[in-house]
Every structure is written in structure tokens, then in C-alpha cells.
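Beneath this line is the structure, given in C-alpha cells, with notes to follow.
Since we're looking at a predicted model, the values are computed, not measured.
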Number of protein chains: 2
Amino acid sequence: MKLTSKGRYAVMALVDLARFDNINPVSLRDISLRQGISLDYLEQIFSKLKKNEIVKSIRGTQGGYILNKNPNDIKLTNIFHAVDEKIKTVQCKKESKRGCNGKATKCITHNLWDELEIHINTFFENKSLKDLLNNNKETRV
Amino acid sequence: MKLTSKGRYAVMALVDLARFDNINPVSLRDISLRQGISLDYLEQIFSKLKKNEIVKSIRGTQGGYILNKNPNDIKLTNIFHAVDEKIKTVQCKKESKRGCNGKATKCITHNLWDELEIHINTFFENKSLKDLLNNNKETRV
DNA sequence: CTAAACTTGACCATTTTAGTCAGGTATGTA
DNA sequence: TACATACCTGACTAAAATGGTCAAGTTTAG
Ligand code: FES
Ligand code: FES
């Protein structure tokens with residue numbers, strides 16, 4: 001059970017972006033340098049963030065990305081969803097009536113994993129980009 | 001972020017075992033049939049559970065496995081640890097002072113992932129095999 | 001007009017996962 | 001004592017996921 005770097009980088013990059021986007025759009029190049037993430041990889045990630053309306057892009061020289069929402073309204077859930085970082089604890093398809101073993105009933109641990117998934121998602125729903133900014137300022141002082 | 005089937009099967013098999021081990025040891029063959037898990041794969045898993053003193057084995061005809069502890073004392077944490085199902089949210093080495101980007105300080109999201117890891121582990125520490133048995137009985141009624 | 005920066009899509013090496021396979025060894029029962 | 005049952009061990013591997021790179025654009029400020 002581990003986090004993929006896609007989700008990790010997405011959050012990292014957005015925190016960086018949120019810090020600097022007050023004045024000008026922020027270029028991926030800058031984020032790449034500051035956070036040590038490959039530029040090509042960042043492009044993939046931001047393409048998805050844009051499709052999900054979390055950021056806006058500005059083309060041309062001096063272009064870059066800016067947030068499309070208030071940091072307080074961008075939850076980790078939104079970010080993870082955007083870059084396909086899925087929380088998958090159950091093996092079966094949730095909608096299906098069949099269990100993961102192919103039987104007609106759900107397996108004996110199905111409810112447990114479902115509970116776990118809710119537990120984790122709760123964490124993500126309660127964290128916004130704003131929280132991370134504050135948190136980071138605190139630890140800086 | 002997903003659970004591997006090693007962890008999932010381990011818990012599934014142990015719940016099955018806990019239900020039937022009152023009278024006789026339970027053979028992997030039976031668990032395999034009831035839960036639809038490959039026998040060869042179960043053997044790998046139980047080898048680890050045994051090394052970690054979660055189950056005991058009885059060889060020969062009519063042999064099988066029995067729990068080595070009270071179901072109330074077997075937490076999900078113990079099971080996951082035994083089969084190497086690790087929760088890995090941070091990228092960096094925790095003990096190291098360096099960040100995941102190779103820099104001298106921890107990255108701006110490190111604290112967040114650490115918090116997440118604690119959040120998940122709390123869930124596992126508070127769930128015992130006993131809870132799962134009860135839970136399952138309840139949903140059966 | 002040109003350099004900076006976004007855009008798109010194909011491609012790929014490595015690692016992890018989820019097992020299988022092939023041999024054992026121990027022991028209760030007939 | 002034979003033999004079937006069930007544990008035990010380690011090597012092997014196909015398929016999927018991961019974590020990127022590479023190439024070839026388009027857009028626009030200056
Ligand atoms: S995880 Fe849903 S049926 Fe097993
Ligand atoms: S996750 Fe620990 S430094 Fe980035």
C-alpha cells in the first residue's frame with residue numbers, strides 16, 4: 001500500500017504554485033527546478049490538473065500556470081482524483097453484486113476494506129491546499 | 001494507492017481460520033477451497049505468518065494450522081507486518097535528514113504524508129481479528 | 001521573428017505483483 | 001511399514017504498473 005509519485009508530485013507542485021502565483025503565472029520550469037521534478041513529467045501532471053479545472057494555463061513568454069480556485073476550495077481529494085491517484089482497497093467491483101472470489105456474495109473481508117477506504121478518503125476530504133500552506137509556514141517559523 | 005492481494009488474502013485466510021479452529025487444525029486446502037485462493041500462494045503467506053508467530057502448524061494427516069494467539073490480540077498491524085504489506089506514503093527515508101528530492105531539508109509535503117501514514121496505521125492498530133469475526137456475524141444475522 | 005512556455009502523444013526500461021511449478025519433509029492412520 | 005495427506009522451501013515467470021523520456025508540435029509576449 002503505497003502512494004505513487006504522480007499524486008505526490010501533484011500536491012508538491014500545487015503547494016509550490018500556491019505560494020508564488022499572487023503576482024505572475026508560474027512556469028513549470030521554475031517548479032521543476034525548485035522541487036526537483038522532471039519537467040516532462042510535470043507537463044503530464046499539469047495537463048490533467050488543467051482538464052479538471054484546478055489550474056489555468058497562460059501560454060507564451062512569461063506564461064505559466066495559476067490556480068483556478070481558492071486554495072481553501074482545493075481539497076486533496078480533488079487533486080488525487082484529477083491525476084488518477086485512486087484509493088483501491090477492495091478487489092471486487094463495488095457496483096457488482098459478486099465477490100472478489102467470483103462467488104455470488106461479497107467476501108468476508110469486504111466490509112473491512114470498505115471501511116478502510118472511507119477512513120482514508122475522510123483524511124483527503126478534510127485537507128485543503130490552504131491547510132498545507134499554513135502548515136508549512138508554521139513549520140518554517 | 002492500493003492494497004496488495006498478499007495483505008488482503010492474509011486477513012481473509014485468518015478470518016476463515018479463526019472461525020473453524022476451535023476443534024481441529026484447519027488445512028490450507030480447506031481455506032483455499034472456501035475462499036478461492038490458490039493453495040501454492042497460501043503456503044507462501046502462511047509461512048510468513050508462522051515465522052511471525054501468528055499461527056502454529058501441525059504436520060501430517062489431519063494436520064493444518066491453528067491460531068497462536070487470542071483473536072483479540074491479533075491486530076491488523078501484526079498481520080500486515082508479517083506478510084510485508086507496508087504502508088509507504090513518504091518517498092524519502094524517514095531516518096535520513098535529507099529530503100526526497102535529494103536536498104538537505106525535507107520537502108514541503110513531507111509532514112502531510114507522515115500525517116497520512118499515522119492516520120492509516122491508527123486504523124490498523126485498532127482492528128483485531130476478533131472485531132472482524134463479530135462484524136461478520138452481525139452482518140450475517 | 002523568435003524564444004519562452006504550454007500541448008500532445010508515443011514510447012520504454014525497470015520494478016512489482018501475483019502467482020505457478022517442482023521438488024522436498026513430516027506424521028497420523030490402516 | 002506403506003502411503004496419503006498436508007506442511008515446507010525456493011526458484012521461476014507472465015503481466016501489469018510505475019516513473020519516467022523523447023519528439024514534435026502550437027501559442028504569444030516582446
Ligand atoms: S473485496 Fe469485495 S468481495 Fe472481496
Ligand atoms: S517525502 Fe520526505 S522529504 Fe519528500
Side-chain angles (χ1 to χ4, degrees), chain A residues 1-10 12-13 17 20-21 24-52 54-66 68 80 83-89 91 100-102, chain B residues 1-10 12-13 17 20-21 24-52 54-66 68 80 83-89 91 100-102:
Chain A
M1 180 148 224
K2 66 185 171 197
L3 210 59
T4 69
S5 63
K6 213 155 209 160
R8 194 183 288 113
Y9 285 166
M12 218 188 268
L17 178 57
F20 289 91
D21 82 335
N24 295 315
V26 181
S27 73
L28 292 189
R29 165 167 249 275
D30 286 354
I31 297 179
S32 165
L33 290 174
R34 277 196 294 261
Q35 304 303 328
I37 305 171
S38 140
L39 178 59
D40 284 318
Y41 203 28
L42 272 180
E43 283 172 349
Q44 278 183 47
I45 292 169
F46 272 76
S47 154
K48 296 187 179 190
L49 291 175
K50 191 190 168 185
K51 269 183 200 136
N52 284 265
I54 292 171
V55 297
K56 273 191 285 198
S57 68
I58 294 164
R59 306 187 72 151
T61 321
Q62 304 298 322
Y65 286 91
I66 56 174
N68 197 15
F80 275 26
V83 298
D84 297 315
E85 173 84 54
K86 292 185 197 110
I87 308 298
K88 184 169 160 71
T89 55
Q91 174 72 357
C100 55
N101 41 23
Chain B
M1 180 148 226
K2 67 185 171 197
L3 209 59
T4 70
S5 63
K6 212 154 211 161
R8 194 182 289 114
Y9 286 166
M12 219 187 267
L17 179 57
F20 289 90
D21 82 334
N24 294 315
V26 181
S27 73
L28 292 190
R29 165 168 249 276
D30 287 355
I31 297 179
S32 165
L33 290 174
R34 277 196 295 262
Q35 304 302 328
I37 305 170
S38 140
L39 179 58
D40 284 318
Y41 203 27
L42 271 180
E43 282 174 348
Q44 279 183 47
I45 293 170
F46 271 76
S47 154
K48 295 187 180 192
L49 292 175
K50 192 189 169 187
K51 269 184 199 136
N52 284 267
I54 292 172
V55 297
K56 273 191 285 201
S57 69
I58 294 164
R59 306 187 74 151
T61 320
Q62 304 297 323
Y65 286 91
I66 54 173
N68 197 15
F80 275 25
V83 298
D84 297 314
E85 173 84 55
K86 292 184 198 112
I87 309 297
K88 185 170 159 72
T89 54
Q91 174 73 357
C100 55
N101 41 21

Please state how far atom [atom1] in [X] lies from atom [atom2] in [N], giving the value in whole angstrom units.
X	N	atom1	atom2	value
A/L17	C/dC6	CG	C1'	14 Å
B/Q91	D/dT18	CD	P	13 Å
A/Y41	D/dA17	OH	P	14 Å
A/K50	C/dA5	NZ	C1'	12 Å
B/K48	C/dT17	NZ	P	11 Å
B/L42	C/dC21	CG	P	16 Å
B/L28	C/dT25	CG	C1'	15 Å
B/D30	D/dC7	CG	C1'	14 Å

Do [X] and [Y] have side chains that get closer than 4.5 Å, going by heavy atoms?
X	Y	answer
A/M12	A/I45	no
A/I31	A/Y65	no
B/L39	B/E43	yes
B/T89	B/M1	yes

Just N and O in the side chain of [X]: are any of them under 4.0 Å from OP1 or OP2 of [N]?
X	N	value
A/S57	C/dA5	no
B/S5	C/dA18	yes
A/Y9	D/dG19	no
B/K6	C/dT17	no
B/T61	C/dT27	no

When only distance counts, do a donor and an acceptor, one from the side chain of [X] and one from the base of [N], lie under 3.5 Å apart?
X	N	answer
A/R59	C/dT7	no
A/E43	C/dC6	no
A/Q44	D/dT21	yes

Practice item. Determine, stepwise, if the pair B/E85 / B/L3 fulfils side-chain contact (heavy atoms from CB on, under 4.5 Å). Key: CA-CA 8 Å; B/E85 173 84 55; B/L3 209 59; 4.2 Å; yes
Point to revise | Comparing B/R29 and B/K51 on DNA chain D - which has the more 5′ nearest nucleotide | key: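 Whichever sits nearer the 5' end wins; that is B/R29.
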Review point. Using a cut-off of 4.0 Å on non-hydrogen atoms, how would the nucleic acid contact of B/V55 be classed: base, sugar-phosphate, or nothing?
Key: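 B/V55: no heavy atom of the nucleic acid under 4.0 Å.
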Exercise for review: Would you indicate what B/K2 reaches in the nucleic acid, counting non-hydrogen atoms under 4.0 angstrom: base, sugar-phosphate, or nothing?
Suggested key: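 Sugar-phosphate, no base atom in range.
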Point to revise | Passing option when A/P25 is tested against A/D30, A/I66, A/V55 for side chain to side chain contact (heavy atoms under 4.5 Å, CB included) | key: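 For A/P25, the side chain to side chain contact (heavy atoms under 4.5 Å, CB included) test succeeds with only one of A/D30, A/I66, A/V55, which is A/I66.
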Review point. Which nucleotide, D/dT26, D/dC8, C/dG19, lies nearest any side-chain atom of B/Y65?
Key: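 Of all the options, the side chain of B/Y65 is nearest to D/dC8.
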Review point. Which nucleotide sits closest to the side chain of B/T4: C/dA22, D/dC22, C/dT17?
Key: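 Between C/dA22, D/dC22, C/dT17, the one nearest the side chain of B/T4 would be C/dT17.
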